[in-house]
Every structure is written in structure tokens, then in C-alpha cells.
Asker: 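Dropping the structure in here first, questions after.
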Amino acid sequence: MPEMPEVEIIRRNLVDRLKGKMITNVEVLLSRLVKWPTVENFESMIIGRTIADFKRRGKYLLLELDNSDMLVIHLRMTGRLCYVSEGDERDAYTRIVFHLNNGDVLTYADTRTLGTLYAIKKDELWRISGLANMGPEPLSAEFTIAYLQEALKSNRGKIKSFLLNQKYIGGLGNIYVDECLILSKIHPERVGNSLAVDEINQLHAAINQVIDAGINDGGTTFRDYRNGNGEKGSHQENLFVYGRNGLPCRFCGSIIEKIEVGGRGTHFCPQCQK
DNA sequence: CAATAGCCCTGGTGGC
DNA sequence: TGCCACCAGGGCTATT
């Protein structure tokens, strides 16, 4: 489940090899993954273009083309990008193939086919509402304690749901949300506007810390995530609560519980998190 | 307006 | 060993 750290690792691993390469052909093997425009126009907008830059916003990957059009990719649950040489074996779940002018290939693979791809003009990015309406992301200058305080002030939903909502903070997903809540000792069902100032300070620090640790560990691989070179991350070895239900808390030894919050599996320590 | 439930989609898993 | 219900969850849409 790629979240911001995983998507960032993919970007870092691929940026140097993709920049300056021309896309000479595109094979769309599963057309429903292309959300905009039509598959035909998707192909014609991309074929013959050179990749000018490879950026990221939240969980979206942004390939800027030399005419300022953009190839936007969201991996959702099981999307994987992998850079391979022409004759190399491709992922069994390859759905879209981008051929490059040096003979190499960028494959988009996706087991559950929930991922989304767009070819879009720069002034039409509003069409991708999740991208256009995304809040500031962790580790950015815009993501300040004051911002978090202001956003939480009138929020009457559960803190877990708040953190998962990309319009408030861009890039967090289910794994890192559970992790930043244990680090800040906040129960996932606490109401947003009930957080005290010191709790908001701790939450802000924990969000940045968790995302930074995830990037430093090369991301979290439970099953599907790969880093752009087909390799797994290692942050799953350093998690405090996610996937650790029934195991002792690393802080206090209490048994980690799993509940459902906002329709998502939620792991927490009943002793540490109040 | 905001919170929430439902939906998409496939493979791994656990129960019987 | 085989079958099947269920779960994983990001983000969009419909509903309350």
C-alpha cells in the first residue's frame, strides 16, 4: 500500500533514469486504468514526448513532459512502477508499458487494478480533484503546527479519519496514520477538536518523524510494494502498531488491539493511547 | 457542509 | 485437499 514514503522512494529511484528519455510507444493492456482522457488521446499525448522531470505530490506521481503536459499516476493499493531493460522479465501483473528511446521499458503493474493514470495539460490539473484539493504534506514548509491546529479546531470527526483525509494532509495512509497516533499517544477515536495544544504539537512531530523514518527505511512492504527496481522496503520491521495486533506494545508491553475506525483496520495500544 | 457507507478489484488466508 | 467467505484500503460517489 504505497503511501507518501513509498511513492517518494519510487520517484527517487527512477528520476535520473527517466529524465531526458523519450516515450516512443505505450501499450495500454488494461484500458480502464486510464481515467483521462480517452485511451487513444492518452497514447497520442504521451508518445513522442520527452520526460522533462519526475515529481510527486502526496501519493501522486507526476511525470512532466517537454511540452508541459503531464502523465499522472496514482498507485492506489497495489500499483507498481518498474524500470527494466528491453529483454528483462516483466511483472506478471503488467497493465501498461512505456517504451523508452534507449530500448528500456517502464512498466506499470497492478494486481488489483485500482490504480489510476491520466495524461493531462498543466492548466487542466483541476480535473484530478484529489490532486487539486490536497492539503499540505508532511515535512513541507506549509505543514506547520499552526496549520494543524487551525485545521483541527472545527473538526468533529475522529482523528484517524482526519489524518487519512488528503484534503487536510496529503500523503498519509492507513499504516503511517496508525504509527503517528501511537507515537503521539493519541487514541484513534479521539475527536479532532478535542486535542489539547501539547497533543497537537506531539502529533505534528510524530507525523514528520514517521514519514521521515519510512523514507529512510526505503518504505514499508507488506506484500505488494516495490521501490521502482523491484525491491522491497524495510520499514515493516520498525512499525510500532500496524499489523502487530496481539503482540506486545514496544513501549509498555500491553497487547496491541485492532478495531475498525472510519471503515479502516486500526491498530493501537490501549495503555499508551488515550 | 460534513461524516459515513458503499464500491471498485484480485489474491492470500483461514475456517471447515 | 478443496472450497468459499472474507479481508486488505485509497479515494471517489451517493447518502444521511
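Everything quoted here is computed from the prediction, not taken from an experiment. Keep in mind that the numbers below use all heavy atoms, side chains included, and drop hydrogens, waters and symmetry copies. We name chains A, B, ... by the order of the sequence lines, and we start the count at 1 in each one.
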Asker: When we call it a touch if two heavy atoms are under 4.0 Å apart, what does A:Leu164 touch: a base, just sugar-phosphate, or nothing?
Answerer: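 Since only primed, P, OP1 and OP2 atoms lie under 4.0 Å of A:Leu164, the category is sugar-phosphate.
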Asker: Can you tell me which nucleotide in C:dG10, C:dC12, B:dT10 comes closest to the side chain of A:Ser129?
Answerer: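 Within the option list, the nearest is C:dC12.
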Asker: How many whole angstroms separate atom CG of A:Leu131 from atom P of C:dG11?
Answerer: 11 Å
Asker: Return no unless some side-chain N or O of A:Arg32 is found under 4.0 Å from OP1 or OP2 of B:dC9.
Answerer: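 Yes, because at least one side-chain N or O of A:Arg32 sits under 4.0 Å from OP1 or OP2 of B:dC9.
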Asker: Quick one: is B:dC1 close enough that its OP1 or OP2 comes under 4.0 Å of any side-chain N or O from A:Lys167?
Answerer: no
Asker: Could you state the atom-to-atom distance from CD of A:Glu189 to C1' of B:dA3 in whole Å?
Answerer: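 The distance from CD of A:Glu189 to C1' of B:dA3 comes to 15 Å, rounded to the nearest Å.
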Asker: May I have the distance from A:Leu163 (atom CG) to C:dG9 (atom C1'), rounded to whole angstrom?
Answerer: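 From A:Leu163 CG to C:dG9 C1': 16 Å.
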Asker: So what is the end-to-end bend of the helix from B:dA2-C:dT16 to B:dC16-C:dG2, with 5 pairs used at each end and the value given to 10 degrees?
Answerer: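 Here the local axes at opposite ends form an angle of 50°.
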Asker: Please report, rounded to the nearest Å, how far the P atom of C:dG10 is from the CG atom of A:Leu117.
Answerer: 18 Å
Asker: Within less than 4.0 Å of OP1 or OP2 of B:dA3, is there a side-chain N or O belonging to A:Asn155?
Answerer: yes
Asker: Of the options A:Glu179, A:Arg264, A:Lys160, which is the one that meets A:Asn174 in a side-chain hydrogen bond (donor to acceptor under 3.5 Å, both in side chains)?
Answerer: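 With A:Asn174 as partner, side-chain hydrogen bond (donor to acceptor under 3.5 Å, both in side chains) holds for just one option, A:Lys160.
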Asker: Do A:His74 and A:Tyr118 have their ring centres less than 6.0 Å from each other?
Answerer: no
Asker: Do we get A:Arg11 above A:Phe54's six-membered ring, with its NZ or CZ under 6.0 Å from the centre and within 45° of the axis?
Answerer: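 No, A:Arg11 and A:Phe54 do not form such a contact.
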Asker: So for A:Arg112 and C:dA8, does any side-chain atom that can act as donor or acceptor lie under 3.5 Å from a complementary atom in the base?
Answerer: yes
Asker: B:dT10 P sits how many Å from A:Asp110 CG, rounded?
Answerer: 10 Å
Asker: Among the nucleotides B:dT4, C:dC12, C:dG10, which one has an atom lying closest to any side-chain atom of A:Met77?
Answerer: C:dG10
Asker: Is it the case that C:dG10 (base atoms only) and A:Arg264 (side chain only) share a donor and an acceptor within less than 3.5 Å, ignoring hydrogens and angles?
Answerer: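 Flag set: donor-acceptor pair detected.
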Asker: Taking the cut-offs as 6.0 angstrom to the six-membered ring centre and 45 degrees off its axis, would you call A:Lys185 and A:Phe251 a cation-pi pair?
Answerer: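 Yes, cation above the ring, under 6.0 Å and within 45°.
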Asker: OP1 or OP2 of C:dG10 versus the side-chain N and O atoms of A:Gln166: is any pair under 4.0 Å?
Answerer: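 For A:Gln166, the contact criterion (side-chain N or O under 4.0 Å from OP1 or OP2 of C:dG10) is not met.
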Asker: Check for a donor-acceptor pair, side chain of A:Asp88 on one end and backbone N or O of A:Ser85 on the other, with a separation under 3.5 Å.
Answerer: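 Such a contact is found between A:Asp88 side chain and A:Ser85 backbone.
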Asker: Regarding A:Gly173, tell me which of base, sugar-phosphate or nothing describes its non-hydrogen contacts under 4.0 Å with the strands shown.
Answerer: sugar-phosphate
Asker: At 4.0 Å (heavy atoms only), tell me whether A:Lys158 reaches a base, stays on the sugar-phosphate, or touches nothing.
Answerer: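 It contacts nothing in the nucleic acid.
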Asker: Please give, in whole Å, the distance from B:dG11 C1' to A:Arg76 CZ?
Answerer: 19 Å
Asker: Counting heavy atoms from C-beta on, name the nucleotide in B:dG11, B:dC9, C:dG10 closest to the side chain of A:Thr111.
Answerer: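 Closest of the options to the side chain of A:Thr111: B:dG11.
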Asker: Determine: side-chain N/O of A:Tyr93 to OP1/OP2 of B:dG11, distance under 4.0 Å, yes or no.
Answerer: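 For B:dG11, OP1 or OP2 has a side-chain N or O of A:Tyr93 closer than 4.0 Å.
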Asker: Quickly work out the A:Leu33 CG to B:dC8 C1' distance and round it to whole Å.
Answerer: 12 Å
Asker: When the distance from CE of A:Met4 to P of C:dG11 is rounded to whole Å, what number comes out?
Answerer: 13 Å
Asker: Of the nucleotides B:dA3, C:dA8, B:dG11, which one has an atom closest to the side chain of A:Tyr242?
Answerer: C:dA8
Asker: In terms of relative ring orientation, are A:Phe42 and A:Phe98 parallel, tilted or perpendicular, with 30° and 60° separating the classes?
Answerer: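 Plane angle between 30° and 60°, so tilted.
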Asker: If only side-chain N and O atoms of A:His74 are considered, is one of them under 4.0 Å from the OP1 or OP2 phosphate oxygen of C:dG10?
Answerer: no
Asker: Under 4.0 angstrom, heavy atoms only, what part of the nucleic acid is A:Phe162 near: base, sugar-phosphate, or nothing?
Answerer: nothing
Asker: Under 4.0 Å between a side-chain N or O of A:Lys35 and OP1 or OP2 of C:dG11?
Answerer: no
Asker: Of the non-hydrogen atoms in A:Ile207 and A:Pro138, which two are nearest, and what is the gap between them?
Answerer: CG2-CG, 3.6 Å
Asker: With a 6.0 Å cut-off on ring centres, are A:Phe222 and A:Tyr242 close enough?
Answerer: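 When the ring centroids of A:Phe222 and A:Tyr242 are compared, they turn out to be within the sub-6.0 Å range.
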Asker: Any ion pair linking A:Glu137 and A:Arg57 (charged N to carboxylate O, less than 4.0 Å)?
Answerer: yes
